[in-house]
Amino acid sequence: VPLRARGDGDVFEPGRHRRRWRRRPAPGRAGVGATIVTSLAALTPSPATATPVGPALLLNESAETDSGLWSVSGAWARTDVEMAHGGDWAFSDSPGVPYAAGTVAALSLVQPLVLPPAPWLQLQFWQRLDLGAGDSAQVQISTNGADWITIAAEPATRNLAWTVRTVRLDSFAGQILWLRFVLSTDSDPVTVGEGWQLDDITVQAVPLPVTLRPGLTIQDNDDATLW
């Protein structure tokens with residue numbers, strides 16, 4: 001006798017025990033935070049299926065402690081004098097005072113980052129800016145520690161609200177990368193501002209997916225000869 005169903009709830013067969021079921025939701029109806037598995041096939045990789053791997057943090061700097069990861073020139077320093085994005089501490093090019101005219105000051109990683117051959121690499125940081133005319137904030141990278149290129153710049157900007165900035169680094173995958181944040185100011189003392197504050201600096205990578213051995217299934221997890 002065919003099974004009969006009533007919407008979301010019971011599936012039953014005359015004369016036999018009831019089994020619970022739930023209707024497969026329409027696209028976009030899964031609910032907040034829910035992960036829906038619609039069949040066992042969704043858990044069983046097909047041959048040579050690429051399994052994605054979650055993001056890896058290559059750099060995670062909150063400025064809450066002296067991590068020893070940075071060298072400074074000019075007046076750059078960790079500070080709790082100015083408002084931080086998260087916690088109590090942030091980096092500032094001139095803590096508590098306007099920056100000096102006619103200077104180049106840098107916050108630089110002491111050691112380079114080793115970027116994996118990942119298809120997705122991202123630098124992200126939070127910033128506050130108050131820069132006068134002729135002055136600029138620059139994010140620079142180098143593959144040899146000597147020759148620098150600017151990958152992001154903020155000229156003559158005033159935005160004292162914490163905002164996030166994201167820079168993709170995909171084109172440098174598989175390389176060694178030095179990173180620094182540079183404040184460059186002109187010689188006019190009238191156009192100085194509060195400067196550049198940085199917080200919660202991260203570099204993330206999504207590694208290349210892992211390709212499973214053809215024929216590997218969920219049941220193979222218990223096969224000790226595979227490991």
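Quick caveat: nothing in here was measured; it's all calculated off a predicted structure. Note that these values count all heavy atoms, side chains included, but never hydrogens, waters or copies made by symmetry. Heads up: numbering here begins at 1 and tracks the sequence.
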Checklist line | R128 to W196 six-membered ring, cation-pi geometry met (6.0 Å, 45°) | finding: no
Notebook entry, point to check: From L179 CG over to L58 CG, what is the distance, rounded to the nearest 0.5 angstrom?
Noted result: 11.5 Å
Checklist line | Ion pair check, R78 and E64, cut-off under 4.0 Å | finding: no
Check: Should L107 and V182 be marked as a side chain to side chain contact (heavy atoms under 4.5 Å, CB included) after you check the CA-CA gap, both sets of side-chain angles, and the distance that decides it?
Finding: CA-CA 6 Å; L107 174 70; V182 179; over 6 Å; no
Next item on the list: Report yes or no: does T185 contribute a side-chain atom to a donor-acceptor pair with the main-chain N or O of G102 at less than 3.5 Å?
Entry: yes
Margin query: Can you confirm whether I176 sits close enough to L115 that some side-chain heavy atom of one is under 4.5 Å from a side-chain heavy atom of the other?
Written below: no
Notebook entry, point to check: So, Q140 and R180: side-chain donor and acceptor under 3.5 Å apart, yes or no?
Noted result: yes
Item checked: Nearest heavy-atom neighbours spanning A63 and A90 -> CB-CA, 3.8 Å
Margin query: Closer than 3.5 angstrom, by distance alone: can the side chain of T150 be matched with the main-chain N or O of A152 as a donor-acceptor pair?
Written below: no
Next item on the list: May I ask you to test the W120-Q204 pair for a side-chain heavy-atom distance under 4.5 Å?
Entry: yes
Note to self: I want to check something: taking the side chain as every heavy atom from C-beta on, are I141 and I151 in contact at a cut-off of under 4.5 Å?
What the structure shows: yes
Notebook entry, point to check: What distance do R168 atom CZ and Q122 atom CD have between them, rounded to the nearest 0.5 Å?
Noted result: 6.5 Å
Margin query: Could you tell me if T157 and N159 have a donor-acceptor pair between their side chains, going purely by distance under 3.5 Å?
Written below: no
Notebook entry, point to check: Would W178 and L109 satisfy side chain to side chain contact (heavy atoms under 4.5 Å, CB included), going step by step from the backbone distance to the final call?
Noted result: CA-CA 7 Å; W178 280 259; L109 273 180; 6.0 Å; no
Next item on the list: Decide whether T202 and E61 meet the rule of one side-chain donor and one side-chain acceptor closer than 3.5 Å.
Entry: no
Checklist line | Single-linkage hydrophobic cluster, 4.5 Å side-chain cutoff, V203 and V206 together | finding: no
Check: Taking C-beta and beyond as the side chain, do L183 and L131 meet within less than 4.5 Å on heavy atoms?
Finding: yes
Check: Would you say the side-chain atoms of D199 pair up with the backbone N or O of Q127, donor to acceptor, closer than 3.5 Å?
Finding: no
Notebook entry, point to check: Closest heavy-atom contact between A118 and A205?
Noted result: CB-CB, 4.3 Å
Item checked: Between Q138 and E154: side-chain donor-acceptor atoms closer than 3.5 Å -> no
Check: So which heavy atom on V192 is nearest to which on A100, and how close?
Finding: CG1-C, 4.3 Å
Checklist line | Exercise: identify the closest heavy-atom pair between S184 and V104 | finding: OG-CG2, 4.0 Å
Check: Checking D170 side chain against L121 main chain: does a donor-acceptor pair fall under 3.5 Å?
Finding: yes
Item checked: Gap separating the CD atom of E194 from the CG atom of D93, nearest 0.5 angstrom -> 10.0 Å
Next item on the list: Look at the side-chain heavy atoms of Ile, Leu, Val, Met, Phe, Trp and Tyr, link any pair under 4.5 Å apart, and say whether V164 and F125 land in one connected group.
Entry: no
Notebook entry, point to check: Do the side chains of I149 and V139 join up, straight or via other hydrophobic residues, at under 4.5 Å, putting them in one cluster?
Noted result: yes
Margin query: Using ring centroids (six-membered ring only for Trp), state whether F181 and F91 fall under 6.0 Å.
Written below: no
Item checked: Residue pair I201, W70: steps toward the side chain to side chain contact (heavy atoms under 4.5 Å, CB included) verdict -> CA-CA 12 Å; I201 306 167; W70 306 89; 4.1 Å; yes
Next item on the list: Find the distance between CD (Q124) and CG (L59) and round it off to the nearest 0.5 Å.
Entry: 11.5 Å
Check: Got T143 and L177 here, is their nearest side-chain heavy-atom distance under 4.5 Å?
Finding: yes
Notebook entry, point to check: How many angstroms lie between OG in S94 and CD in Q197, if you round to the nearest 0.5 Å?
Noted result: 7.0 Å
Check: What heavy-atom pair brings W76 and L198 nearest, and what distance separates the two atoms?
Finding: CH2-CD1, 3.7 Å
Checklist line | Intermediate values then yes/no, side chain to side chain contact (heavy atoms under 4.5 Å, CB included), L123 and T166 | finding: CA-CA 6 Å; L123 165 67; T166 300; over 6 Å; no
Margin query: To the nearest 0.5 Å, what is the distance between OG on S62 and CH2 on W126?
Written below: 14.5 Å
Next item on the list: Keeping the roles fixed (side chain from T79, backbone from S92), state whether a donor-acceptor pair exists under 3.5 Å.
Entry: no
Margin query: I need the minimum non-hydrogen distance between D188 and V190, along with the two atoms involved.
Written below: OD1-N, 2.9 Å
Note to self: Tell me which pairs pass side-chain hydrogen bond (donor to acceptor under 3.5 Å, both in side chains) where either residue lies in residues 98-118, with sequence neighbours left out.
What the structure shows: Y99-D135
